[in-house]
Amino acid sequence: MFTKAILLALAASPLVAAHGKVAVITGDAGGNTTALGIQGGIVPGPGKNSVTEVDTTVFKSTKAATDGLGKTTGGGQNTLAKMAAVMAQSGSTLPQVSASGGSISGTIHIVTTDGAGPYTAIVDPTGTGSFSTGTAATVTTQVPGKKGNIAAPKQRGLVTRTLVNLGIVKRASNVNEDHAFAASIPAGTTCTGTVGGQSGVCLVKIVNPSNAGPFGGVIAIQMKA
């Protein structure tokens, strides 16, 4: 059993900021996209935080249903105007979601240990970033983690994992793991936004609850009849 002195010493260890990002999302009826701010293969998976975290979106509030598109350290504030760059990278066909029983699925990349699950998805039908008045999607495939934290591969022993989840041991600088994510979009959703030259667009905020962030990303989708 750990003594009080050992626990206090561990608690005094500096925490390492960490990230998780939305790497790719597809719709059940076709199409795909990345999140705003994603830079693609030029950002390495393993390595120092300063180079692996540059395209991860950071939001202001741990409450998922709050407005705004977040920002990245590499690109600054996310804006709707930057959606054109997203589409240039992933193609002009956004994720197409069936109007009845449709869904999105894809990959969330845990960059470092505060970028873990569980993730929440909020749909903004106006396509403006007004997530405070949006609707929660039902997450059907979840990213592992507790309160946004996960032990790094070298910290997966029971005792160390417990200390990481409690937030009293130093986070590893890198996790570099991909995890599947999927969510059902509420039936009857009507998208009214215009983004990147596309009309009939909804925005979806995918975000974890990490106190160091929170982290995640914003994607654009369209409903298909």
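Along the sequence shown, the residues carry numbers beginning at 1. When reading the values below, keep in mind they use all heavy atoms of this one structure, side chains included, and skip hydrogens, waters and symmetry mates.
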Please answer whether the main-chain N or O of [Y] pairs with a side-chain N or O of [X] as donor and acceptor at a distance below 3.5 Å.
{"X": "D124", "Y": "G129", "value": "yes"}
{"X": "T128", "Y": "G193", "value": "no"}
{"X": "S132", "Y": "A65", "value": "no"}

Assess whether side chain to side chain contact (heavy atoms under 4.5 Å, CB included) is satisfied between V218 and F131, documenting all intermediate values. CA-CA 10 Å; V218 173; F131 298 107; 4.1 Å; yes
Are [X] and [Y] close enough that some pair of their side-chain heavy atoms sits under 4.5 Å apart?
{"X": "H109", "Y": "N176", "answer": "yes"}
{"X": "F181", "Y": "V139", "answer": "yes"}
{"X": "V111", "Y": "V175", "answer": "no"}
{"X": "H179", "Y": "I110", "answer": "yes"}
{"X": "D178", "Y": "I108", "answer": "no"}

Test log, rule side chain to side chain contact (heavy atoms under 4.5 Å, CB included), inputs V86 and I38: CA-CA 8 Å; V86 172; I38 295 295; over 6 Å; no
How long is the gap from [atom1] on [X] to [atom2] on [Y], to the nearest 0.5 Å?
{"X": "I25", "Y": "S90", "atom1": "CD1", "atom2": "OG", "result": "11.5 Å"}
{"X": "Q39", "Y": "T56", "atom1": "CD", "atom2": "OG1", "result": "9.5 Å"}
{"X": "K60", "Y": "K71", "atom1": "NZ", "atom2": "NZ", "result": "7.5 Å"}

Write down the atom of [X], the atom of [Y], and the distance for their closest heavy-atom approach.
{"X": "S92", "Y": "Q198", "answer": "O-NE2, 3.6 Å"}
{"X": "P118", "Y": "G148", "answer": "CD-N, 4.3 Å"}
{"X": "H19", "Y": "T112", "answer": "N-OG1, 2.7 Å"}
{"X": "P186", "Y": "A136", "answer": "CG-O, 3.7 Å"}
{"X": "I221", "Y": "C191", "answer": "O-SG, 4.4 Å"}
{"X": "T140", "Y": "A183", "answer": "OG1-N, 3.8 Å"}

According to side chain to side chain donor-acceptor pair (under 3.5 Å), does anything in residues 93-102 pair up with another residue at least two apart or in another chain? List the pairs.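 Pairs touching residues 93-102 that pass the test: D28-S98, Q96-Q222.
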Classify the side-chain pair T72/D55 by whether it contains a donor and acceptor separated by less than 3.5 Å.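 Absent: no donor and acceptor within the cut-off.
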Side chains of residues 201-209: which donor-acceptor pairs under 3.5 Å do they make with residues two or more places apart or in other chains?
| residue | atom | partner | partner atom | Å |
| --- | --- | --- | --- | --- |
| K205 | NZ | A64 | O | 3.0 |
| K205 | NZ | T66 | O | 3.2 |
| K205 | NZ | T66 | OG1 | 3.2 |
| N208 | OD1 | S210 | N | 3.2 |
| N208 | OD1 | F215 | N | 2.9 |
| N208 | ND2 | D114 | O | 2.9 |
| N208 | ND2 | A116 | O | 2.8 |

Could you go through T33 and V24, starting from their C-alpha distance and side-chain angles, then the distance that decides it, and tell me whether this counts as side chain to side chain contact (heavy atoms under 4.5 Å, CB included)? CA-CA 6 Å; T33 191; V24 63; over 6 Å; no
List the atom pairs, donor and acceptor, that lie under 3.5 Å between side-chain atoms in residues 76-85 and the rest of the protein, sequence neighbours left out.
| residue | atom | partner | partner atom | Å |
| --- | --- | --- | --- | --- |
| Q77 | NE2 | G70 | O | 3.2 |
| N78 | ND2 | T57 | OG1 | 3.1 |
| N78 | ND2 | L69 | O | 3.0 |
| T79 | OG1 | K82 | N | 3.4 |
| K82 | NZ | G75 | O | 2.7 |
| K82 | NZ | Q77 | O | 2.7 |

Transitive ILVMFWY side-chain link [X] to [Y], under 4.5 Å:
{"X": "V58", "Y": "L36", "answer": "no"}
{"X": "Y119", "Y": "I104", "answer": "yes"}
{"X": "I122", "Y": "I219", "answer": "no"}

When you look at T133 and D67, which way does the side chain to side chain contact (heavy atoms under 4.5 Å, CB included) test go after all the steps? CA-CA 8 Å; T133 56; D67 296 341; 5.6 Å; no
